[in-house]
Every structure is written in structure tokens, then in C-alpha cells.
Amino acid sequence: MPELPEVETVTRSIARLKGRRIAGVEFRSRRILRGAPPERVSARLEGRRIGAIQRYGKFIVLALDSGFLTIHLGMTGRLLLGGAAGKHTHAIFTFDRGRLLYDDSRQFGCIEFSEEFPARVARLGPEPLEVPFEEFAARLKRHKTRIKALLLNQAFVRGVGNIYADEALFRAGIHPMAVASRLREARVRRLFDGMVTVLTEAIAAGGSSISDYIDAQGRKGFFQFSHRVYQRTGEPCVKCGTLIRRVLVAQRSSHFCPKCQRPQVQ
DNA sequence: ATCGGTACCTGCACGC
DNA sequence: TGCGTGCAGGTACCGA
């Protein structure tokens, strides 16, 4: 499910939780909870009040009056305000008013409580919508990996995933297998602009609802209708009509137009 | 120190 | 109807 635009949408949709007090937490799955055992975490969370709610890349961090509750949605994680618990509900937060369910069929997501700001989040690269171009370009030049793999590397920039990496590369006219350090300045500029544009537009559209992504109030995004390459294998390129191809880069499906995104002319 | 490959888990679409 | 295969927004961890 969720990359930066989807996580941003979910984060905004739970903004109303600010100021609420946690009355109780029930963890139904051991797998999604990191660190201490469920009973211990529940006991520590009880009675704490929610302060600022912020997104860092694909992580949602709820600052409590003391400590931090960190949530990552993995591939299929959902936060739902109210509603009934289902087969894949792994955590239920009850507040002084209302409740929040964590649903995740594949259980790749996780929830973590820590007294200090989580190290995993602190280690992430800069926000792609905040990093200055010069810093983006300088960091990019240091990596000899393929550009697609670099965009997916959360230590490079945080929040870009498979959909938006492919969409940004298409907008920049760069082949996903191109070597990052060998990209010329003008192309790096186009990539930066493409990334910023696609993320901004996707946030405005409430994200991409590929199969089942919804925000905390059950609303779907509609940026999937604006995808130009992602999961469009065999369909004509919107610019030139050439059929979109799919290759594996870093074990992830990468969709591109073989004519608009040439491998050699970098 | 960077990398690429693999593991983790469930559900769905497809061909037979 | 069922079964096997491949694929899916994610990160962590391993050894080279």
C-alpha cells in the first residue's frame, strides 16, 4: 500500500487524535509489535496523551506526553478510526473518546513504543519534498547503484516507494537501470523535479488506491488514474505510444517506456 | 561500507 | 472446484 503520499494522507486523516488520552491498547498479534511483549507495551501506553502526529517518510510518529508511538504500515497496513475489528486487526487503541484499529493482512507493518525518538526514524534520509536540489544532487552523485534502487533506499530520501520511483523516472526520462553517479546534472535536475511533482500531485489526490488502500476514514485515493507507467506493462506510453515494459531492478518490478527512458544516453 | 539477494506473510489472478 | 505459480505499496538481515 503506502508510500509517502498515502502515509501523508493517513497521517492527516488521524490528526483529530491529537489531545486524546489512551485508555487501553489490545495487541492481537505478536508479529507487528516490535520490542517489548504486548502486555508490557499496553501497560506503558495506558494513560498517556497524544501530542503532535507527524510523518517521517513512510513512518507515522505520534509524540506522547512522554515517549513515542511509531507506526509503519508495511505493504497492507491500515489505520481505521472506528469500525469493527476484522480477521486482520492486530491492534486496537481505545481513547477517552473513540478508537483506532490497526489492520494489516500481510503483517509487514509494525508498531513500536519507545521512550526516546526512534533510532530507525532518525536514521532516514531527508524528506524528498524538503531537501534542496543541491543536496539531492550531491548525495546522488556518491552512489554507484542503479537509480531505481537508490530512490527506494530510505537512507537516500525517505518516503519514495515502487510506484513513485517509477513515475518520477518516467517524468525525468531516465531508465531505471541507469547508474546514479553517472547521471548528468540536467538529468538529475529533471529527476528531482519529476519526484517533487509526482509526490505533490499524489498527495493532492489522496494517494494511489491500487488494491485496497484507504485512509483512516475509509476514503480511497485517486492518483492511480494518473499513473503513466506503474503497472501499465504492455500498454502504450502516454507520450509516444511505445509499449510499456517491465524489468526487475533490485528485485522490484520496474515499469518504463523503452523509448522515452533510454538506458545509454545519460 | 555498499551492494544484491532473500525472508517475512496473506490474498488474488491466472492457467490447467 | 481445486491446485500450483507468480505477483503485490514494505523493511531487515545476511554474506560477498
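Letters go in sequence order (proteins before strands), and every chain restarts at 1.
For dA12(C), neither phosphate oxygen OP1 nor OP2 lies less than 4.0 angstrom from any side-chain nitrogen or oxygen of H72(A). Applying the 4.0 Å criterion to OP1 and OP2 of dG4(B), one finds that T145(A) has a side-chain N or O inside that range. Contact annotation: Q154(A) side-chain N/O to dT11(C) OP1/OP2 distance is under 4.0 Å. In this model, the phosphate group of dT11(C) is approached by a side-chain N or O of K58(A) to a distance below 4.0 Å at OP1 or OP2.
T70(A) and P118(A) make their closest contact through OG1-CG, 3.2 Å (heavy atoms, listed as atom of the first residue, atom of the second, distance).
The side chain of R31(A) lies closest to dC8(B), out of dA8(C), dC8(B), dG4(B). Side chain of R120(A), nearest nucleotide from dT11(C), dA8(C), dC3(B): dT11(C). Distance from the side chain of Q251(A) is smallest for dG5(B) among the nucleotides dT11(C), dG5(B), dA8(C). Checking dG10(C), dT6(B), dG4(B) against every side-chain atom of R146(A), the shortest atom distance belongs to dG4(B). Side-chain atoms of S253(A) lie closest to dA8(C) of the nucleotides dG10(C), dA8(C), dA12(C).
Under a hydrophobic-cluster definition in which Ile, Leu, Val, Met, Phe, Trp and Tyr are linked whenever side-chain heavy atoms come within less than 4.5 Å, directly or via other members, V61(A) and I22(A) are assigned to different clusters.
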Atom pairs under 3.5 Å, N or O on each side, protein against nucleotides 10-13 of chain B: can you list them with distances?
unit_1, atom_1, unit_2, atom_2, d
dT10(B), O4', S105(A), O, 3.3
dG11(B), OP1, K87(A), NZ, 2.9
dG11(B), OP1, H88(A), NE2, 2.8

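Within the 4.5 Å cutoff, the side chain of I174(A) has no heavy atoms near those of the Q261(A) side chain.
Under 4.0 Å is where a charged nitrogen must lie from a carboxylate oxygen, and between E6(A) and R219(A) no such pair does.
Between the side chains of Q107(A) and R30(A), no donor N or O sits under 3.5 Å from an acceptor N or O. With hydrogens and angles left out, the side-chain atoms of R106(A) and T76(A) include no donor and acceptor closer than 3.5 Å.
Geometric assessment of R189(A) against the ring of F133(A) yields a positive cation-pi assignment under the 6.0 Å and 45° thresholds.
Within the 4.0 angstrom heavy-atom criterion, no nucleotide atom of any strand lies near F223(A). Using a 4.0 Å heavy-atom distance criterion, T233(A) is classed as making no nucleic acid contact.
Shown here, dC9(B) forms no base pair; nothing in the strands shown gives a Watson-Crick or G-U wobble contact with both key distances under 3.5 Å.
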